[in-house]
Amino acid sequence: MTTPSDSEDRSQIRKTNTMVGRRKFLAAATALAAASLPAKKAKAVNTASPAPGAARSGANAATLAVDGGTPVRATRLRANFPGPLYYDEEERRELLEVLDRRAPFRWYGVGAKGGDPDKCNQFEKEFAAHTGTKYCVAVTSGTAALITAVAALDVGPGDEVILPSWTWHSCYDAVIVAGATPVFAEIDDSAGIDPTDIERHITPRTKVIMPVHIMGEPADMDPILAIARKHHLKVLEDCAQSAGATYKGHPVGSMGDCGIYSFQLCKTISAGEGGALVTNDPYVFERAARFHDIGDLRGPHAAMLGRPPRMSRFAGMQFRMNEYSGAVLRAQLRKLDRIAGDFRSRSARVKQGIADLPGIQFRKSNDPSGALGSSVYFRTTGKEERDRFIKALRAENIPAGTIEGSVLLPLEPYIEKKQTLEPGWPSFATVDGKALRFGAECCPRTIDVWNRYVGVPMDPTYSDQDVSDIIAAVRKVYPAIAKT
């Protein structure tokens, strides 16, 4: 990100006029950081012999690294994708069973050893149980899950789906693929859809509200569900970035008419790629099971349905998960609660260690105990200050960035121009579709929120020293940059 042209001058003035005060502040701040941690963590902060990743303390320790001072860490701290960090013999054993059975396809196997495939079937049952839902359909990706969910909810040409302006391309694309029309609502300081901005977008054509549980933070589901009930709308929860999060005791994905998950590399649990749809509605489940498998309803899904099928075959897609993915995900699912707990413990310690900084405001949380804690975000006065924070924290060898994991969809050129696969696509072929305007004019508050937040990504395997370094870096940088 760019930094204002006068930032170097301002930094030099601070160095000249406030060096002594800053050194005093850092000494006090470091003590506070140590006090906010258990005894074992405090030792990591105050140790006379820093860990290999930590920089040496010295006369210029209080000077920001971006201004020529010694960084908090001598080496760059990196946040890794969580799921593969927990791979061990469980994933290996599950995969070898697929190989030994010669059964990589989820419905039947081949070969001398043979054996019936069961990894995807078992994963679906186990994932449904974990999310507190009755039914699950395993698919090839989170995008495939969204496309399947939109189809399962009977969304098509002439229908409108309300979704947040800040989310991933797949949310928009799934609506377009169905020939329906996406309508963007603003986000609030949780980075999720703002419930107070939904109703003004509802028209007689609205069919679905799509809250997105973004970057580990659950959307504010109570008011969203109330609005949906009031207007007789369906709710599709996108949980792609928040597997393991809960909202007031309910797993994300279990509260709406259906929920979707992604198991791509950077998600909480991963098989490299994969997805799932969950629901409590047998009608939605049967449509999803058929749609994802060229319109057919296979025996295991028919048995899971628990009643005679009520639909005949229709044209669908081919989004079946394979047994290798199902095998890895069975093992990963058994670790999901541990991964979520590791995320929460580290993000909670970081927030605790910097919570007393004057005026600091964290990202709004709709359920602090249920949020995944995959990042720690704090608010700035705007883009200029945000970018200075990011540059300064990176110079301290701490990862930092803007709100990540998605895009400002209405500002994407192909969306603003309503470019689709073919001219005359039904999404924008109607008078209302043609009149719909995207771009910055439809999401000014979303742009403002995005411009204000600095994020430090968490890694569920961060060491005590890593956590201490993040706290020390924020405490070092914040007083030098924050405007009071």
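Just so it is clear, the model here is predicted, and its values are computed rather than measured. Heavy-atom basis, side chains included; hydrogens, waters and symmetry copies ignored. One-based numbering along the sequence shown.
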Nearest heavy-atom approach of Tyr462 to Pro457 is OH-O, 3.3 Å
Is it true that Ser190 and Asp188 share a donor-acceptor pair across their side chains at a distance under 3.5 Å?
yes
Side-chain donor-acceptor pair present, Asp432, Thr430, cut-off under 3.5 Å
no
Does the ring of Trp450 carry Arg445 above it, NZ/CZ under 6.0 angstrom from centre and within 45° of its axis?
no
Please determine whether side-chain contact (heavy atoms from CB on, under 4.5 Å) holds for the pair Met317 and Thr148, giving the CA-CA distance in whole Å, both sets of side-chain angles, and the decisive distance to 0.1 Å.
CA-CA 8 Å; Met317 304 298 288; Thr148 300; over 6 Å; no
In Å, rounded to the nearest 0.5 Å, how long is the span from CG of Leu409 to SG of Cys443?
9.0 Å
Asp189/Arg363 ion pair, N-O < 4.0 Å:
no
Arg349 and Asp464: CA distance, side-chain angles, deciding distance, side-chain contact (heavy atoms from CB on, under 4.5 Å) verdict:
CA-CA 10 Å; Arg349 285 158 54 198; Asp464 291 346; 3.0 Å; yes
Between atom CG of Asp459 and atom CZ of Arg78, what is the distance when rounded to the nearest 0.5 Å?
12.0 Å
Donor-acceptor pair, Arg379 side chain versus Ile360 backbone, under 3.5 Å?
no
Distance from Ser262 atom OG to Trp168 atom CH2, nearest 0.5 Å?
11.0 Å
Classify the ring geometry between Phe285 and Tyr135 as parallel (under 30°), tilted (30 to 60°) or perpendicular (over 60°).
parallel
Closest heavy-atom pair and its distance - Pro218, Thr246:
CG-O, 3.4 Å
Is the closest side-chain donor-acceptor distance between Asp466 and Ser463 under 3.5 Å?
yes
When rounded to the nearest 0.5 angstrom, what is the spacing between OG in Ser369 and NZ in Lys248?
10.5 Å
Would you say NZ of Lys234 has more than 12 non-hydrogen atoms from neighbouring residues, nucleotides or ligands within 6.0 angstrom?
no
Within this structure, what is the NZ-CD1 distance for the pair Lys476 and Ile481, rounded to the nearest 0.5 Å?
11.0 Å
State the CZ-OG1 distance between Phe319 and Thr143, to the nearest 0.5 angstrom.
9.0 Å
Give the minimum heavy-atom separation between Ile415 and Phe438, together with the two atoms involved.
O-CD1, 3.1 Å
Tell me, do Leu329 and Met321 make a side-chain contact under 4.5 Å, heavy atoms counted?
yes
Looking only at non-hydrogen atoms, find the nearest pair between Leu411 and Gly439 and report the distance.
CD1-C, 3.9 Å
Counting N and O atoms only, with roles assigned by atom type, does the side chain of Ser270 sit under 3.5 Å from a partner on the main chain of Gln264, one being a donor and the other an acceptor?
yes
For Lys134, look at atom NZ and say whether over 12 heavy atoms of other residues, nucleotides or ligands are found less than 6.0 Å away.
no
Taking the side chain as every heavy atom from C-beta outward, state whether Val449 and Trp166 have any atom pair closer than 4.5 Å.
no
Does a side-chain N-to-carboxylate-O contact under 4.0 Å join Arg475 and Asp356?
yes
Look at the side chain of Thr63 and the backbone N and O of Gly69, then say whether any donor-acceptor pair between them is shorter than 3.5 Å.
no
Is there a donor in the side chain of Ser375 and an acceptor in the side chain of Glu404, or the other way round, less than 3.5 Å apart?
no
Whether the side chain of Thr181 engages the backbone of Ser427 through a donor-acceptor N/O pair (distance < 3.5 Å, no angle test) should be reported.
yes
Can a donor-acceptor pair be found, under 3.5 Å and without considering hydrogens, that links the side chain of Lys418 to the backbone of Leu436?
yes
Donor + acceptor pair across side chains of Glu199, His231 (<3.5 Å):
yes
Judged by modelled atom types alone, do His213 and Gln241 share a side-chain donor-acceptor pair under 3.5 Å?
no
Is Lys391 paired with Asp387 through a side-chain N to carboxylate O contact shorter than 4.0 Å?
no
Is there a side-chain hydrogen bond (donor to acceptor under 3.5 Å, both in side chains) between Asp194 and Thr196 once you walk through the steps?
CA-CA 5 Å; Asp194 184 350; Thr196 67; 2.7 Å; yes
Go through the side-chain N and O atoms of Tyr283 and Asp154 and say whether any donor and acceptor fall under 3.5 Å apart.
yes
Nearest heavy-atom pair of Val477 and Ala392: which atoms, and what distance?
CG1-CB, 3.7 Å
Go through the side-chain N and O atoms of Gln332 and Lys335 and say whether any donor and acceptor fall under 3.5 Å apart.
no
Does the ring centre of Phe378 sit less than 6.0 Å away from the ring centre of Tyr453?
no
Test your reading of the model: is there a side-chain donor-acceptor pair from Arg437 to the backbone of Lys434, 3.5 Å cut-off?
yes
Short N-O contact, Glu396 and Arg73, less than 4.0 angstrom
no
Can you name the side chain to side chain contact (heavy atoms under 4.5 Å, CB included) partners of Pro82, sequence neighbours left out?
Ile339, Phe343, Pro460
Looking at every heavy atom in both Val150 and Ala178, which two are closest together, and how far apart are they?
CG1-CB, 3.6 Å
Does NZ or CZ of Lys267 fall inside the cone over Phe81's six-membered ring, less than 6.0 Å from its centre and within 45° of the axis?
no
When you compare the side chains of Tyr261 and Asp238, does any donor N or O come within less than 3.5 Å of an acceptor on the partner?
no
Indicate whether any N or O donor in one side chain lies under 3.5 Å from an N or O acceptor in the other, for Asp342 and Tyr86.
yes
Check the pair Ile193 / Leu163 against side-chain contact (heavy atoms from CB on, under 4.5 Å), numbers first and verdict last.
CA-CA 7 Å; Ile193 193 168; Leu163 66 160; 5.9 Å; no
Hey, is the main chain of Met255 close enough, under 3.5 Å, to the side chain of Glu237 for a donor-acceptor pair?
yes
Audit row: Leu408, Ser165, side-chain contact (heavy atoms from CB on, under 4.5 Å) steps and yes/no
CA-CA 6 Å; Leu408 291 162; Ser165 296; 5.8 Å; no
Can you tell which of Val284, Leu153, Ile260, Leu236 makes a side chain to side chain contact (heavy atoms under 4.5 Å, CB included) with Thr279?
Val284
Checking Asp448 against Thr446 for the side-chain hydrogen bond (donor to acceptor under 3.5 Å, both in side chains) test, could you report, in this order, the C-alpha distance in whole Å, the side-chain angles of both residues, the deciding distance, and whether it holds?
CA-CA 5 Å; Asp448 182 64; Thr446 297; over 6 Å; no
